[in-house]
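Below is one structure, written out as structure tokens, with a few remarks after it.
In what follows, chains carry the letters A, B, and so on, assigned in the order in which the sequence lines appear, proteins first and then strands, with residues in each chain numbered from 1. Any value given below was found using the heavy atoms of this structure, including those in side chains, with hydrogens, waters and symmetry copies removed.
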Number of protein chains: 2
Amino acid sequence: MSKLERNLEAGNTHSGARSDSILDDLVGYALKRAHVHLNKSLASKLAEYDLRPSQFTAMLIIDENPGLMQADIGVQLLIEPPQVVTLVNRLEKLGLAMRVRCKPDKRSYGIFLSKQGEQTLRQLRLEVRALDAAGTARLSESERTELLRLLKKVYRD
Amino acid sequence: MSKLERNLEAGNTHSGARSDSILDDLVGYALKRAHVHLNKSLASKLAEYDLRPSQFTAMLIIDENPGLMQADIGVQLLIEPPQVVTLVNRLEKLGLAMRVRCKPDKRSYGIFLSKQGEQTLRQLRLEVRALDAAGTARLSESERTELLRLLKKVYRD
DNA sequence: TGATAATGTTACCAAGTATAACTATTTTGG
DNA sequence: CCAAAATAGTTATACTTGGTAACATTATCA
């Protein structure tokens, strides 16, 4: 007797409480859920600045590596060159960053934050830190530290 | 003197090693990186079955709640009704699941896995478990357990 | 020098996610 | 009971994100 038949007979439609699922044992699934949880508030906050999470991350990377090439951004963000183009276009249009022909290699640009970009980023750093803390408020400080350590261990090369 | 000027003068282009970044302290960022890491191999494996991760998760949910309604799938997957439609359409087209008019409420369907769906899922469970373990192989068993616990603590309501 | 590779760009395409508007049914309240 | 509101699913649409292919320009190298 198939599950379908059994359920049709029993009138069993939807059993409210979920039995112990394989999902509960998958780190990948827990990662996705946790990421969605934290990303929501982040995206909302950044939207106030017309920014997406990846654009904010790009600003951080640019700030920490001023004058880097677009290709370097792609490597650190794990995205392909065409996405870097639209990303930098966006930051330029917002007046937060700029391309500067300042290299011996005339094909490439040095990417820099503008004054406004640096100032916006200073603000954002504080707000994003606060949001990240809020999203993990259920963890103690030592749990949060341990979580960070374990996550890095998972993805570090 | 701005960062731009400083770097233009010093010829500082891209400082290879990254200084201690705020990114290293954000759980949200570590979550994203770790999720990308694990999701890659999962997506590759599922692609062999013409499935996306969300479709696999849906199959698990259906298997554990046979006869549930599409709306229930949406709630558990955190997606909107239109996405559930295309998802169930896909599973039906692959012969893995089916809609059955088996409810007092004639607007809704009970969603069930087909025989083939159940068999495919049995296989997939094993393979996905193995992939998840492989992706977290750098962790000891106790670390992995602790990571799961912490992640659930972050996203559980 | 000429072949090859690298940088950035454009054009294009597949997927995921969201909303609005619609059909068919059910529920509710007068 | 009947009209109005709500609900389940669907369609159409759009936007974002991610990717590949093809291209121009410039560097590198054999």
Atom CG of A:Leu77 and atom P of D:dT17 are separated, to the nearest Å, by 12 Å
Can you tell if the side chain of A:Leu87 reaches within under 4.5 Å of the side chain of A:Gln70, non-hydrogen atoms only?
-> no
Which of the following nucleotides, C:dG8, C:dT26, C:dT10, is nearest to the side chain of A:Pro82?
-> C:dT10
Output yes when at least one side-chain N/O atom of A:Tyr109 is less than 4.0 Å from OP1 or OP2 of C:dT9, else no.
-> yes
Checking salt bridge (charged side-chain N to carboxylate O under 4.0 Å, His left out) for the pair B:Arg144/A:Asp25: CA distance, chi angles, key distance, verdict?
-> CA-CA 10 Å; B:Arg144 193 177 181 284; A:Asp25 292 327; over 6 Å; no
Would you mind reading off the distance between B:Leu87 atom CG and D:dA8 atom C1', rounded to a whole angstrom?
-> 16 Å
Name all residues meeting the side-chain hydrogen bond (donor to acceptor under 3.5 Å, both in side chains) criterion together with B:Arg138; count only those two or more places apart in sequence or in a different chain, and write none if there are none.
-> none
Please give, in whole Å, the distance from D:dT25 C1' to A:Gln70 CD?
-> 14 Å
Any side-chain heavy atom of A:Arg33 sitting closer than 4.5 Å to one from A:Val36?
-> no
Determine to 10° how strongly the helix from C:dT1-D:dA30 to C:dG30-D:dC1 is bent, judged from the axes of its five-pair ends.
-> 10°
May I have the distance from A:Lys103 (atom NZ) to D:dT25 (atom C1'), rounded to whole angstrom?
-> 17 Å
For B:Asp50 and B:Lys93, what are the C-alpha separation, side-chain angles and deciding distance, and is it a salt bridge (charged side-chain N to carboxylate O under 4.0 Å, His left out)?
-> CA-CA 11 Å; B:Asp50 269 310; B:Lys93 184 165 254 176; over 6 Å; no
Nearest to the side chain of B:Met69, which nucleotide is it out of C:dT26, D:dA27, D:dG9?
-> D:dG9
Do A:Lys103 and A:Tyr109 have side-chain heavy atoms sitting under 4.5 Å apart?
-> no
Minimum heavy-atom separation for B:Gly95 to B:Ser114, with atom names?
-> O-OG, 2.6 Å
Nearest to side-chain heavy atoms of A:Lys106, which nucleotide of C:dG8, D:dT10, D:dA27 = D:dA27
Of the candidates C:dT25, C:dT7, D:dG9, the side chain of B:Arg107 sits closest to C:dT25
Assign B:Arg90 to base, sugar-phosphate, or nothing according to its heavy-atom contacts below 4.0 angstrom with the strands shown.
-> nothing
Euclidean distance, atom CG of residue A:Leu78 to atom C1' of D:dT17 [Å, nearest integer] = 14 Å
Between A:Tyr49 and A:Gln55, a side-chain donor and acceptor under 3.5 Å | no
State, yes or no, whether a side-chain contact exists between B:Asp24 and A:Lys152 at a heavy-atom distance under 4.5 Å.
-> yes
State which of D:dA8, D:dT10, C:dT7 makes the closest approach to the side chain of A:Asp105.
-> C:dT7
Measure the distance from CZ on A:Arg99 to C1' on C:dT7 and round it to the nearest whole Å.
-> 12 Å
Pick out the pairs of N or O atoms, protein on one side and nucleotides 13-17 of chain C on the other, that lie under 3.5 Å.
unit_1 : atom_1 : unit_2  : atom_2 : d
C:dA15 : OP1    : B:Arg52 : NH2    : 3.2
C:dT17 : OP2    : B:Gln83 : OE1    : 3.4

Could you tell me whether the phosphate oxygens of D:dT26, OP1 or OP2, come under 4.0 Å of any side-chain nitrogen or oxygen in A:Arg101?
-> no
